[in-house]
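Below is one structure, written out as structure tokens; the observations come after it.
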2 protein chains.
Amino acid sequence: MIEKKLKQQKQEQDQTEEKNNIFQVAKLSGVSIATVSRVMSGKAYVSPELTNRVKKAAVTLDYHPNRSASSLRKRVSKTIGVIISDIENPFFTSVIRGIETILYDSGYSLFFCNSDEDPKREKTHLSNLRAEDVAGIIWTPTKYNNEFCKNLVESGIQLVAIDRSPGMDHMDSVTVNNRKGAFEATSHLAQLGYQRIGLISGPKQTSTSIERLEGFKEAMLYHNLVLDQKLIIYSDFRQTGGYRAMQTLLELELPPKAVMVSNNLMTLGALQAIHECNLKIPDQIAIVGFDDMPWATSLQPSLTAIAQPAFDIGTTAAQLLLERLKDPTRSYRQVVLDTKLMVRTSCGSKKNLVIKSIIET
Amino acid sequence: MIEKKLKQQKQEQDQTEEKNNIFQVAKLSGVSIATVSRVMSGKAYVSPELTNRVKKAAVTLDYHPNRSASSLRKRVSKTIGVIISDIENPFFTSVIRGIETILYDSGYSLFFCNSDEDPKREKTHLSNLRAEDVAGIIWTPTKYNNEFCKNLVESGIQLVAIDRSPGMDHMDSVTVNNRKGAFEATSHLAQLGYQRIGLISGPKQTSTSIERLEGFKEAMLYHNLVLDQKLIIYSDFRQTGGYRAMQTLLELELPPKAVMVSNNLMTLGALQAIHECNLKIPDQIAIVGFDDMPWATSLQPSLTAIAQPAFDIGTTAAQLLLERLKDPTRSYRQVVLDTKLMVRTSCGSKKNLVIKSIIET
DNA sequence: TTGAAAGCGCTAACAC
DNA sequence: GTGTTAGCGCTTTCAA
């Protein structure tokens with residue numbers, strides 16, 4: 001009793017202070033802090049009369065409920081963690097925007113982490129997010145750290161994997177049909193009459209990269225084309241890697257007449273290497289990229305590419321997470337979105353090829 | 001006393017539960033929670049013996065201090081808010097990476113918000129961040145909402161403005177010497193012999209855009225070139241805007257022979273318009289962009305551009321904030337970083353121009 | 001419908 | 001050097 005009085009006196013003294021808390025609002029509106037809480041959260045009925053008084057007081061005092069206190073008490077926070085493997089890749093950037101859009105509308109905040117493809121950093125981030133008591137995490141797994149993830153899931157944090165398949169069942173995921181996309185891109189080249197088709201692939205272990213490679217191989221087989229291992233270069237999904245890979249291909253005795261590049265950044269590097277050799281696209285070498293990018297239409301010639309629904313990946317992942325937060329018992333879902341081939345001019349057209357072969361004979 | 005006992009008993013029951021707290025660790029290592037706290041934060045001396053026991057227990061229990069509780073108690077969080085105006089712009093993406101790099105090393109987490117250049121969203125984000133009790137905020141101001149910022153600063157949250165000058169003194173800021181950069185880019189064109197030089201400018205109100213316009217005008221004056229208002233198009237810093245602006249320029253009776261574009265996205269649009277008209281760069285039109293981008297070297301011809309130290313802007317802003325957090329009384333700093341002209345081939349060279357004029361005469 | 005009161009997990013002032 | 005204890009601001013029983 002007495003303690004309580006003291007507490008309130010203290011609060012009163014602090015009224016002129018900068019930070020307003022629930023006590024100030026309660027005092028100003030002449031109700032208990034419980035009522036203030038109820039009004040602010042809108043989760044219980046409070047008479048219009050009191051509701052009004054509280055709201056007015058809240059505005060007057062510029063009161064914003066303290067989130068730390070709230071999540072400490074509720075043991076759940078209105079915060080979602082996001083771990084991206086490469087923030088400088090426009091693909092992930094669109095994904096983030098998708099996530100942010102949905103989360104913003106639902107009143108969630110977003111903790112952002114960049115793993116830089118480094119499993120150590122990834123783990124640190126995962127730990128931090130857990131300490132931060134986030135409600136859930138959306139991430140691009142760099143590798144499938146099973147035990148650690150299970151730990152997280154058991155501690156009540158929901159996980160959604162994006163871009164790369166998580167390699168486990170107890171998790172929602174949003175990925176893209178990489179195999180089909182790569183198949184379509186390669187088929188596009190085959191249908192235009194190209195036979196010596198090269199591939200600049202990503203890292204051998206990454207799931208996206210493996211699936212794209214499979215799609216490529218399947219398409220080659222499907223179109224009865226020779227699969228020359230020399231024309232498949234494994235690289236690192238980075239610009240410099242794509243540059244070196246393309247150089248390697250061009251230095252071959254029999255370089256490819258067309259090439260598919262397994263992600264956007266490597267495409268940039270490949271393009272650079274092609275230009276440095278003064279090769280004409282598509283006449284001397286055709287190129288199709290995985291990931292459509294803003295600059296694809298600004299290139300000369302414009303770049304034919306497999307478009308991934310990056311923004312949708314983000315929104316879908318966010319929605320999946322929100323749904324799971326509402327109903328944690330829901331069965332896990334693996335959403336696979338479709339890619340789309342954007343035909344532009346970097347692969348030429350059938351007509352050109354036919355004409356060329358006539359001229360050449 | 002009795003209460004305490006009950007509490008500890010409760011804790012004991014929960015031991016098998018998923019979430020471990022400071023009590024579990026204290027119990028397992030046979031010390032008080034205060035000692036555990038001291039060991040975890042490393043802020044006070046604890047004997048090696050106990051330190052060890054606590055650390056071992058923490059590992060065993062997979063204990064992670066709860067951040068909400070910590071920041072509630074300390075009334076400061078180890079969290080920094082970041083509000084970016086356009087996450088899909090690679091420039092900001094590099095800035096974020098810079099920020100993240102520094103903050104990660106200092107054990108801070110990063111709350112991310114995307115304002116989409118929308119002042120309303122910006123304000124919501126600012127409110128949320130304040131409720132979240134972040135230690136500080138790094139942001140790109142969409143407009144200078146003076147009273148609101150003052151409010152924030154008064155409530156103890158430190159602000160650092162980036163990219164755009166905040167238009168007020170009571171704030172740290174990191175910007176770029178836009179005027180000088182634009183001057184150099186324009187001078188580069190002038191020195192190569194171009195006379196009819198156009199400008200695709202950003203929004204009339206944005207500080208970056210204004211400063212770049214000024215630099216452009218100064219350079220024109222400096223090189224005794226005619227400033228034709230028809231050659232200055234105000235646009236919106238977006239790709240489609242740049243596209244339309246370039247179209248407008250090209251439809252002029254006397255289109256410019258060279259053009260400077262005031263940001264990266266608009267450059268992309270301008271390039272697209274140029275290609276659609278089948279104009280040769282740089283022979284028929286030279287182009288220099290503001291913001292150097294990964295794709296600049298992959299273009300044919302490669303793009304001459306003003307490089308902004310985006311990553312450094314991020315690291316500098318983060319450091320500024322960290323320093324202020326240590327010493328809130330420090331005087332405010334306005335850091336202005338330099339740009340750098342990256343000369344490539346989209347503006348041709350003097351030799352070419354001379355040869356051309358000889359041929360044409 | 002509203003209020004009183006008990007903590008959420010942690011830190012820091014104070015004891016010893 | 002280590003332990004005890006009082007809250008940080010909030011939500012949520014439980015009573016009234």
Side-chain angles (χ1 to χ4, degrees), chain A residues 1-11 14 17 19-27 29-51 53-54 58 61 63-78 130-133 156, chain B residues 1-8 10-11 14 17 19-27 29-54 58 61 63-78 130-133 156:
Chain A
M1 283 286 198
I2 294 164
E3 280 171 20
K4 191 59 199 298
K5 278 271 158 60
L6 282 171
K7 190 170 181 180
Q8 270 181 344
Q9 269 187 16
K10 213 171 167 192
Q11 296 293 346
D14 290 347
E17 274 281 283
K19 272 190 185 167
N20 297 306
N21 63 19
I22 200 167
F23 280 94
Q24 266 90 313
V25 181
K27 213 199 97 201
S29 47
V31 299
S32 74
I33 57 164
T35 301
V36 175
S37 175
R38 286 193 266 256
V39 171
M40 294 311 286
S41 70
K43 276 189 178 171
Y45 184 81
V46 177
S47 70
E49 155 75 8
L50 291 193
T51 304
R53 263 162 45 199
V54 170
L61 294 176
Y63 167 68
H64 302 261
N66 180 307
R67 283 221 192 197
S68 298
S70 166
S71 55
L72 173 58
R73 177 60 232 243
K74 286 195 295 187
R75 313 191 44 77
V76 235
S77 67
K78 277 284 230 179
R130 171 232 275 262
E132 209 77 57
D133 236 340
Chain B
M1 281 287 197
I2 294 164
E3 281 171 19
K4 191 61 198 298
K5 278 270 156 63
L6 283 171
K7 190 170 180 181
Q8 269 182 344
K10 212 170 166 194
Q11 296 293 346
D14 291 347
E17 274 281 284
K19 272 191 186 167
N20 298 305
N21 62 21
I22 200 167
F23 280 93
Q24 266 90 312
V25 181
K27 215 199 95 198
S29 47
V31 299
S32 75
I33 58 163
T35 300
V36 176
S37 176
R38 286 193 266 257
V39 171
M40 295 310 288
S41 69
K43 277 190 177 172
Y45 183 82
V46 178
S47 72
E49 155 75 8
L50 292 193
T51 303
N52 241 315
R53 273 178 18 215
V54 169
L61 296 176
Y63 167 68
H64 301 262
N66 181 306
R67 282 221 193 197
S68 298
S70 165
S71 54
L72 173 59
R73 178 59 234 242
K74 285 195 295 187
R75 314 191 43 77
V76 233
S77 67
K78 277 286 231 179
R130 170 232 277 262
E132 209 77 57
D133 236 340

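Excluded from the calculations below are hydrogen atoms, water molecules and symmetry mates; all remaining heavy atoms, backbone and side chain alike, are included.
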Q) Which nucleotide in the set D/dT12, D/dT2, D/dG9 lies at the smallest distance from any side-chain heavy atom of B/Thr35? A) D/dT2
Q | Derivation and outcome, side chain to side chain contact (heavy atoms under 4.5 Å, CB included), residues A/Asp133 and B/Asn66 | A | CA-CA 7 Å; A/Asp133 236 340; B/Asn66 181 306; 3.0 Å; yes
Q: Could you list the residues that satisfy salt bridge (charged side-chain N to carboxylate O under 4.0 Å, His left out) with A/Arg38, not counting sequence neighbours?
A: none
Q) Between atom CG in B/Asn66 and atom C1' in D/dC8, what is the gap in whole Å? A) 13 Å
**Q.** Whole angstrom value for the distance that separates C1' of C/dC10 from CG of B/Asn20
**A.** 15 Å
**Q.** Those residues that, when tested against B/Ile33, pass side chain to side chain contact (heavy atoms under 4.5 Å, CB included) (two or more places apart)
**A.** B/Ile22, B/Phe23, B/Ala26
(Q) Pick the closest DNA chain C nucleotide for B/Pro65 and for B/Arg38 by heavy atoms, then say which residue is nearer the 5' end. (A) B/Pro65
**Q.** Between P of D/dC8 and CD of B/Glu132, the distance in whole Å
**A.** 20 Å
(Q) Is there a side-chain contact between B/Ser70 and B/Pro65 in this structure, where contact means two heavy atoms from C-beta onward sitting under 4.5 Å apart? (A) no
**Q.** All salt bridge (charged side-chain N to carboxylate O under 4.0 Å, His left out) counterparts of A/Arg73, not counting sequence neighbours
**A.** none
Q. Are OP1 or OP2 of D/dT11 and a side-chain N or O of A/Ser37 less than 4.0 angstrom apart?
A. yes
Q | Partner set under side chain to side chain contact (heavy atoms under 4.5 Å, CB included) for A/Leu50, not counting sequence neighbours | A | A/Val31, A/Thr35, A/Val46, A/Ser47, A/Arg53
**Q.** Nearest-Å distance for atom pair CG/C1', residues B/Leu61 and C/dG9
**A.** 15 Å
Q) What is the distance from CG of A/Leu72 to P of D/dT12, rounded to the nearest Å? A) 12 Å
Q | Taking every non-hydrogen atom, the tightest pair across A/Val25 and A/Ala58 | A | CG1-N, 4.1 Å
(Q) Whole angstroms only, please: what is the CE-P distance between B/Met40 and D/dT2? (A) 17 Å
Q.
Would you compute the distance between atom NZ of B/Lys74 and atom CZ of B/Arg67 and round it to the nearest 0.5 angstrom?
A. 8.5 Å
Q: Select one nucleotide: of C/dC8, D/dT4, C/dT11, the one nearest the side-chain heavy atoms of B/Ala34.
A: D/dT4
Q) Can you tell which of C/dA6, D/dG3, C/dG9 lies closest to the side chain of A/Arg73? A) C/dA6
Q.
Please determine whether a side-chain nitrogen or oxygen atom of A/Ser32 lies at a distance below 4.0 Å from atom OP1 or OP2 of C/dG3.
A. yes
Q: Could you state the atom-to-atom distance from CZ of A/Arg75 to C1' of D/dG9 in whole Å?
A: 16 Å
Q. Can you find a side chain N or O atom of A/Asn21 that sits less than 4.0 Å from OP1 or OP2 on D/dG9?
A. yes
Q: For DNA chain D, find the residues of residues 42-49 of chain B with a heavy-atom distance under 4.0 Å and give them by number; none if there aren't any.
A: B/Tyr45, B/Val46, B/Ser47
Q | Angle of first-five versus last-five pair axes in the helix from C/dT1-D/dA16 to C/dC16-D/dG1, to 10 degrees | A | 40°
(Q) Checking contacts here: which listed nucleotide (C/dT11, C/dA5, D/dT2) is nearest the side-chain heavy atoms of B/Lys74? (A) C/dT11
Q.
Using whole Å, what does the distance between atom P of nucleotide D/dC10 and atom CZ of A/Phe23 come to?
A. 9 Å
Q. Touch check for B/Ile33, heavy atoms < 4.0 angstrom, all strands: base, sugar-phosphate only, or nothing?
A. base
**Q.** Residue pair B/Asn21 / B/Tyr63: nearest heavy atoms and the distance that separates them
**A.** C-CE1, 3.5 Å
Q: To the nearest 0.5 angstrom, please state how far the OG atom of B/Ser68 sits from the CZ atom of A/Arg75.
A: 10.0 Å
**Q.** Among C/dT11, D/dT2, D/dT11, the nucleotide that comes nearest once only the side chain of B/Leu50 is considered
**A.** D/dT2
